[in-house]
Amino acid sequence: MALNDMAKTYDAQDVEERILQKWLQGGWYARNDGQGDCTIVIPPPNVTGMLHMGHALDDTIQDTLVRFNRMRGVSTRWILGTDHAGIATQTKVDKRLKDQGIDRREIGREKFLEACWDWTREFGGIIVEQIKRMGCSVDFDDQKFTMDPDYADAVRKVFCDWYHDGLIYRGKRIVNWCPSCTTAISDDEAEYQDETGHLWHLRYPLKEPVNGVEYITVATTRPETMLGDTGVAVSPDDPDKAPFVGATVVLPIVDREIPIFSDWHVDAGFGSGFVKVTPAHDPNDYAMGEAHDLPQVNIFDEHAIVVEGYGPFTGMTREQCREAVVAWFEEHGLLDHVDEHDHSVMHCYRCDSALEPWLSEQWFVAVEKLKGPATDAVTSGAVKFHPDRWTQTYLTWMENLKDWCISRQLWWGHRIPVFYCDACGWEDALEHDADVCPKCGAALRQDDDVLDTWFSSQLWTFATQGWPADPSQMEGHHPTKALVTARDIIALWVARMVMSSLYFIGEIPFEDVVIYATILAKDGSRMSKSKGNGVDPMDLIHMYGADAMRMGLLQLVTNNQDVRFDADLDKDTHALIGSQRTEAARSFVTKIWNAARFVGMNLDGFTPGDPEVRTPADAWILSRLAKLSASVTQGLQEYRFGDVARDLHQFFWSEFCDWYIELSKASLKGDDETRLAAQRNLVFVLDQSLRLLHPAMPFVTEAIWEQLPTSQGEAALMVASWPEPESLSSWIDDEAEQAIGLTVATVSAVRATRARYGLSPKTEIDVVVKAQGDDVAALESQADLVKRLATLGSLKVGSDVSRPSESAVSVDAGCEIYCVLSGMVDFEAERARLEKERASLQKDIDKLAKKLSNPGFLAKAAQEIIDKDTAKRAELEDQMKRLDAQLSELV
RNA sequence: GGGCGUUUGGCGCAGCGGGAGCGCAACUGCCUUACAAGCAGUAGGUCGCAGGUUCAAAUCCUGCAACGCCCACCA
């Protein structure tokens, strides 16, 4: 296929498949060496499913950056990987096995892990294929999985080092426990849901009456936990309660004697002012229990079932126990009253069960020593957020950071490498497995828990690059250039990467953090599986092509933190019906294709050569191209993808296609020399445009570029050189831009006049233009073009021409443009139009006059603004004079 | 409770101190041999509300309202 033999219609699916194979076979996805470095690690998608729109945007941004840098000759390395996503994957595999009638506990840990690996291979592969289909130029031969053996070694070293450095410790703490997943959940993984509940007011009898009062009343949303109460607290600022401090309560049902004390946690204004304290089942109560040395009574087992020792309550679920306790209080006349009460309840982000604050043995990372450096890295500007406002989110989180619970009671994940000797009590974290106790020789037992998924993914920038076995791989590639991610994992992931990288590598993990907008559904709600309002990027690709999807997404990357995606979905099946935005982007792809086709059809006699300015149009388009290269280059460096997308669209469609190609048609029909120059200019501008468009829309640009006569012998556009602003800056020509402005104004004026009077575009019109100075010559040089573009019978240009009779006039770009309409139209309409224009003009003049007569303005405004407005007023008044003259001539 | 963001023509969004813009939709006219997935043209907005700063405010400040998100959480 050659450029002059391009398919009439562009088939994105076909072309994209073919180009993808070309790239893969070319080997250009592999990391390359060059000046500077642009290493990017892809935020590893979970192996639990398909890519969603967030991934599509994420990966599009990264690919755009990588392709841009690769073309510039910057050393690029884009590392792809997937995340084992402990709890998420385990939940999915669990469910799959359950559907087959298999219980995880029956088949045991080994077999279950095999099932997880099967799942990983299956879905990890799908994700990789999808990323490939999007055109992402990651090095597919350099993939990582967070459970790969070498990655596991890194995780293990980190654990052991922190353990031996005293940053990892084990402790009995209140954690968010999911009784359904039977594992601890980190605070960040818990989701609050507002629920309508009740506030039960329970009476607790006092051992000895206080001032004649025999019982106090506590308010609680969770009456079932009273079985574990070991104290009652009041506010230190509540004088009414002061007499009770030090008194003893006899806890009903369990007959436990518990103290009343004061603590700052208590808000005197809420409930009854007395707070039951259950250290084992509430985080605040736990804190109070520690401060006041209260016993911790755990009443639930791992499934949130009441444990032995509570008579009829033993064996009950939380819900059953709550009912039974309330009933008991009511029976014994101890239920004071019940209020309606809205509160929020934590739920497991995976299985949605209500979480139970539960006291258990867990492993923690002490963050105190890590916080400072991670804070400094951002305040010093070493790590920069884009947009900048996310800096604050990061710093606030860092400031409030508490020790991180890293153990999970799961099977799928990195097993905690701590070994115990039950015989002699020896314990240590080991980088390599051991069977026998080095101290007493007895058999060792490894900790059953696994690590939080984020514990392993925090190492992503360096454990993917050979650390710790071969740190030389990181040379020149670490710190990485940019991390592109969603705002909701700034805390979970971004911050932790900074902490671990500083600790183990001694440097920041990345220079720039690019946070893009969350993609919402058309109605502004979050896309979610349960709502069925999510859009599958693959559906968009199949419907519109990957280029269109990418361009549509890039246009959305602005300062905004949320953005609505306008896809319509079928109400019942949730299948994609269409997306206006993507459709528009696809039109752009087609436009590029057709523009190239036009150039290709006009290449007879073409020989390669430099661009050459023969007409003002040539100078103009080259000047515009030079400015485009500057704005696109800068925009990409500053991660302003929305601006870049708009600039590219504006230039290619409105300037190159709508005007330059049209203007060039005449030159193509000219003599051999004229024709050749036009061809060379068209090919040059097309070639340069394709390069600038390529990072955003790689497929269609590659498909066209490989047909260009100027690209023959070169490998591929994706490895062609970038149009650097400096190499084009000599083309900048503001005078030419002014001259073409004149042409555009003239043609537009005639077209508008024709449309206004309902004249057929085929009707030739005689036009006289009154212009000044150099404009006369400039416009005359374009006479043929103007005549053709505006379908003129004749064109006369001069500085002292007079207005022909029965003509409509337009005043623009400092010229008067007369369209002779003798016998064609009703001049009353023209008169009415001029009157309307006059009114609008008068309004503008009045506004300016007022401004320019304002002494404050003249005294304080910048001189250039005053000059500009003064000139503007003169121009408007000049226009007004002409309008008046025309009106008076119009009879 | 604290913080962040949004509020600009029917829809989706730019602009962020000096004459209100873009894409889509609408309307009118064109199948002009690159493109009807197109071309040309037209219409449509007191830039959420109320104050303030300024010669000048969509743009800066304050307050309010609506919507959304994040963090914390009172039993």
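What you see is a predicted model; the values in this text were computed from it and never measured. Proteins get letters first, then strands, A, B, ... in listed order; numbering begins at 1 in each.
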Protein N or O to nucleotides 24-28 of chain B N or O, pairs below 3.5 Å:
unit_1	atom_1	unit_2	atom_2	d
C24(B)	O2'	Gln580(A)	OE1	3.1
C24(B)	O2'	Gln580(A)	NE2	3.3

Can you tell me how far [atom2] of [N] sits from [atom1] of [X], to the nearest Å?
X         : N      : atom1 : atom2 : answer
Leu251(A) : A75(B) : CG    : P     : 19 Å
Arg597(A) : U33(B) : CZ    : P     : 13 Å
His201(A) : C74(B) : NE2   : P     : 16 Å
Met288(A) : C74(B) : CE    : C1'   : 10 Å
Lys591(A) : C35(B) : NZ    : P     : 10 Å
Phe656(A) : A34(B) : CZ    : C1'   : 11 Å

Practice item. For Arg586(A) and Ala12(A), indicate whether the former's side chain and the latter's backbone hold a donor-acceptor pair under 3.5 Å. Key: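 No; judged by distance alone, with no hydrogens or angles, the pair does not exist.
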
[X] near the nucleic acid: base, sugar-phosphate alone, or nothing, with a heavy-atom cut-off under 4.0 Å?
X         : value
Arg754(A) : nothing
Leu668(A) : nothing
Val563(A) : sugar-phosphate
Thr221(A) : sugar-phosphate
Asp566(A) : nothing
Asp658(A) : sugar-phosphate
Leu556(A) : nothing
Asn560(A) : sugar-phosphate
Ser748(A) : sugar-phosphate
Ala595(A) : base
Arg389(A) : sugar-phosphate

Exercise for review: Could you pull out the closest heavy-atom pair between Ala645(A) and Gln555(A), with the gap in Å?
Suggested key: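 Here Ala645(A) and Gln555(A) meet closest at CB-CG, 3.7 Å.
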
Review point. Do you know the tightest heavy-atom contact between Ala696(A) and Met551(A)?
Key: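 Scanning both residues completely, I find the closest heavy atoms to be CB-SD, 4.1 Å.
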
[X] side chain near [N] phosphate (N/O to OP1/OP2, under 4.0 Å):
X         : N      : value
Lys762(A) : C31(B) : yes
Arg564(A) : G12(B) : yes
Lys665(A) : U33(B) : no

Check whether any side-chain heavy atom of [X] sits under 4.5 Å from a side-chain heavy atom of [Y], and report yes or no.
X         : Y         : result
Phe656(A) : Val685(A) : yes
Thr230(A) : Gln296(A) : no
Met543(A) : Thr582(A) : no

Review point. Between the base of A34(B) and the side chain of Glu662(A), is there any donor-acceptor pair under 3.5 Å?
Key: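 Checked by distance alone, the answer is yes.
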
Practice item. For the pair Phe385(A) and Tyr394(A), name the ring-plane relationship: parallel under 30°, tilted 30 to 60°, perpendicular over 60°. Key: tilted

When you get a sec, tell me which of [options] is the closest nucleotide to the side chain of [X]?
X         : options                : result
Ile661(A) : A34(B), A75(B), C74(B) : A34(B)
Arg751(A) : C35(B), A75(B), A40(B) : A40(B)
Ala862(A) : A34(B), G18(B), G68(B) : G18(B)
Asn594(A) : G12(B), C35(B), G18(B) : C35(B)

Check your understanding: What do the steps show when you test Phe244(A) against Phe274(A) for ring-ring contact (aromatic ring centres under 6.0 Å, His included), and what is the final call?
Key -> CA-CA 10 Å; Phe244(A) 294 92; Phe274(A) 289 100; 5.4 Å; yes

Point to revise | Contact nearer the 5' end of RNA chain B, comparing Ala219(A) with Phe565(A) | key: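 Counting from the 5' end, the first nearest nucleotide belongs to Phe565(A).
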
Review point. More than 12 heavy atoms of other residues, nucleotides or ligands under 6.0 Å from CD of Gln863(A): is that the case?
Key: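 Result for CD/Gln863(A): enclosed.
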
